Amino acid sequence: MTYLVVDDSKLARLSLIKSLKTHVGDDENIHQASNGLEAVSLMENKKADIVFLDLTMPEMDGYEALPKLLEINNKAKVIVVSADVQTKAKERVISLGAQLHMQKPINADKMQEILEII
Amino acid sequence: MYSLTEDEKDVLQELMNVAYGNATAVVADMLDAFASLSIPNIQVLPTHELLATFESMKAESYFFSTQAFSGEFNGESAFFINDISAQNLAKHLELETADDLDDAILELTNVLTSSLTTKLSQELDTEVSFSLPSITKVPLQDIQEVETFQNYSQVIVIDTDLNFEDQKINGKIFILTKDASIQWLKNKLNTILELLL
Amino acid sequence: MAQEQTQHNLRTLTVDEKIVANIDNGILVLDDSLCIHHYNKWLELHTGKKEKDLLTLKISDVFANINTKTLTRKIKTALRIQTPTFYTANTSKYLIPIKLNQIKNAKFEYMQQDVSIIPFDLEKSLVALIITDQTNMAQTNALLHSHIEEIKELNQELIKERDTIDKKILYIRLNLQAEISDISHALLNLLEYEKEELLGLDFFNFERHLMSATLKEKIKEALKKKEPTNFEERTLSLSGEVLYFQSTFVAEFNAKGVQIGFIIFRENITNAKILAKTQEKMLASSRSAAMGEMIAMIAHQWRQPLSLINTVIATMKVKRELNLLTKEITDNSYEKIQNTVKYLSETIDDFRDYFKPNKEISRVELNTLFEKSIFFIKSEMDVHSIKYSLKASESVEIETYKNELLQTIINIMKNSIDAFEESDEREKKICVTLERLSTHVSIEIVDNAGGIKKDIITKVFEPYFSTKSKNGTGLGLYMSQTIITEHLLGSITLTSENNQTKVLIELPYKIRSQK
């Protein structure tokens, strides 16, 4: 499996990856991007299977990046991980093709929940 | 003189993001509207620079409300909303009197402060309590005289825009914490950092 | 852990309810549809309603003033964010209407309330409303607010007042080193300087133009004493205009009584000074005019005695040619000449005595004074065949400056004589009447030389006004008025009727020396 973690906060990425590794082990292919643009170019190279995508980011935000990522790899599963918990925000990302919308931060328990669902 | 390292800032920013996301969701429900979120801006400033920041908002007449929060993490939040936004808020909530509008702004302040700081405290593993918010309609040129700020020598300023595009309501919220709290916060942030790295 | 739980339960069951019943706050439990679940004793007492009658009722049905929408929103928000929401007395006044019957907080009809809405039971959607009486605080706030408004108004007035003072009053502030620390715009306008040019300058240096070293020392000495002191100053404006100031130096103290400098209040006396100087000039010129007139008078007086001497000498010459000059005739002639010369010399003395200004006040008998006046102008009156009469019921004596009065009277009578030159009146008369009145004496001088035209009668006392084509300085009546009013402290009026001109002089019985 190839994972792509997209967040402008380095620590948010580290924290998510830490939770992820407690479930999938250290050997997995985990890539990081700090904004939408980087995520799209990484997607073209690495064709990630599972994407953790933040919404509020500089350069290109999650809403813009989401359809582009799916365009490159329509089999990818995108989990939006955001602080934005407005009902309308959730509805919007689901309609854009995300599998899930989860509230930040993602701890090990939440990660398990996510992995079970997908 | 305190300052925050890049990593400390990053953690705080992330925590603030989460807290602010929560707060916005509540306000969005309250107003039945959708807010666009922006990245919070975090700075450690001497008070006079903060006042200078407020000074730069002079152009528009702002409503200005504050609310104190106490606990291990304590301080004050200051919420600014400009005249037009306040009028739009009144229209949106179908308010009739100026007192109703003041009340609504106080409620907005309270909701923002409470959700922000509650969530932030949860993440920081502590508890806060809140005092009654107070509203002041000060012309900003007099803001130096707003006594509350005189008590701070240095403040952590976390400012975020509250932006309801469709309703044309936007405001700015500042979370101000002073000396002792800054040290406490730094320690907490480092604990979190150590757990991550 | 179990023990703690027990203790916690124990406390809830006994202590809390008692507190809730007795606390000095209203406690109200509502659900999110505003139905009442608890109504504490405080609320019962203040509203006169019983909890048992209210349970399950909607609070907004019990109190019609409550805005259902706002309260519902606040309750739902509190439940949603799990932290309190609030009403503040400041903006919302009150939630539960409780009439006040107090005198001390008379401003408010209803109790002003802060209300905290605390999430109480999330499952049942219950919140507790804690109601706090904030009337005292609101009253204090209102008072404070009105005082602040008052202070603001006072401040405004003060600023206005300061502005007026700055624009109207001439003043300079000095610090203790005598450097200029402030200067009013009124004074700057006179001096034609900008404020910035003068601030910080040494007062004595700036004022050096026309301030003598002795005056400087005098002022410095006075400043040391810290007592208000008056000086007359002379200063040049930027463009070189001379300014005269009557200045008062006052030490300035701060609120704690420590001296912080000086204030110099100035009065611009330049105009008065210039007027005084003009008057001096006029006086001088009227003196020289009077001198001319005196010489003319002397000439008149001397004409007859001189011609007498001439005649005596001519007679002696003829007698000697005819050898008829006897010793007796010679002696007789010498004696005549001697007497006449003596008379001439006395005349000069008289003129000199009477035409130098008096320094001292003396007793003056007015009848005698008029005799003297007539003596000086008799010959001129004779030339024009003017009859003179004096009416006085009794002797009139006053204490005044004798010569000043004499000169004035001669001046007025000379005016009458001059007026007769252009008159064809057959019976030319100058009548003087002296009268003793209770508070003053009156001197009336009336001539029948044709009177003065109405259109010019108001101008006769103006300086440089003259009806005479030649020899008139135009200062005669102006100077007469100045002398009468300013030196002799009396009054002079001039009226004209029919053919006559009447000058009325009123004088006090006694004046004090002004020097």
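Fair warning: this is a prediction, and the values are worked out from it, not measured in the lab.
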With a 4.5 angstrom heavy-atom cut-off, is it the side chain or the backbone of A23(B) that approaches chain A, or both, or neither? neither
With side chains defined as the heavy atoms from C-beta onward, is the minimum distance between V24(A) and M1(A) less than 4.5 Å? no
Test item: M111(A) and F52(A) side chains (from C-beta on) under 4.5 Å apart, heavy atoms: yes
Keeping E64(A) on the side-chain end and M60(A) on the backbone end, is there a donor-acceptor pair under 3.5 Å? no
Counting only heavy atoms closer than 4.5 Å, note whether S82(A) contacts chain B via side chain, backbone, both or neither. neither
D54(A) versus chain B, the contacting section by heavy-atom distance below 4.5 Å: neither
Counting heavy-atom pairs under 4.5 Å to chain A, which of A28(B), A25(B), S36(B) comes out on top? A25(B)
Sole candidate of I105(B), T109(B), N88(B) that passes side-chain contact (heavy atoms from CB on, under 4.5 Å) when paired with I81(B): I105(B)
